[in-house]
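Treat the numbers as computed from the prediction; the structure is a model and nothing was measured.
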Amino acid sequence: MKHAKYIYNIQDFNPEQVLAVGYTKSKLITDAMMWFDKFSCKRSDLVITVGRDLVETVENRFKDKKVPKTVMHLLGK
């Protein structure tokens, strides 16, 4: 476990989508979600997403900072 790689797989539900559709108006909840998501991305060796748009979303989260290596998983392949 000590030398294991940490791979973070982001699916369709992410903090930006919660904010975009107005699922919750609670700033505490959205801030906590964003913090946990960024924390997971920063600690990961690789981030896997389900689409090109989510790759861009992850890259936008880390503007002017080290972006975790992000790859897109093609569904059905």
- Looking only at heavy atoms, the pair that brings Tyr8 and Ser44 closest together is CB-CB, 3.9 Å
- Message: Measuring only between side-chain heavy atoms, which start at C-beta, is Ile10 closer than 4.5 Å to Ser40?
- Response: no
- Which residues pass the salt bridge (Lys or Arg N to Asp or Glu O under 4.0 Å) test with Asp45, sequence neighbours left out? none
- Query: By ring-ring contact (aromatic ring centres under 6.0 Å, His included), which residues pair with Phe36, not counting sequence neighbours?
  - Reply: none
- Return the set of residues passing salt bridge (Lys or Arg N to Asp or Glu O under 4.0 Å) with Lys27 (not counting sequence neighbours), or none when no residue passes. Asp31
- Would you say the side chain of Val55 lies within less than 4.5 Å of the side chain of Val58, judging by non-hydrogen atoms? no
- Query: How many angstroms lie between atom CG of Asp37 and atom OG1 of Thr30, to the nearest 0.5 angstrom?
  - Reply: 12.5 Å
- Test Leu46 against Ile48 for side chain to side chain contact (heavy atoms under 4.5 Å, CB included), laying out the working first. CA-CA 7 Å; Leu46 177 67; Ile48 299 173; 4.1 Å; yes
- Should Met33 and Ile29 count as side-chain neighbours, where that means a heavy-atom distance under 4.5 Å? yes
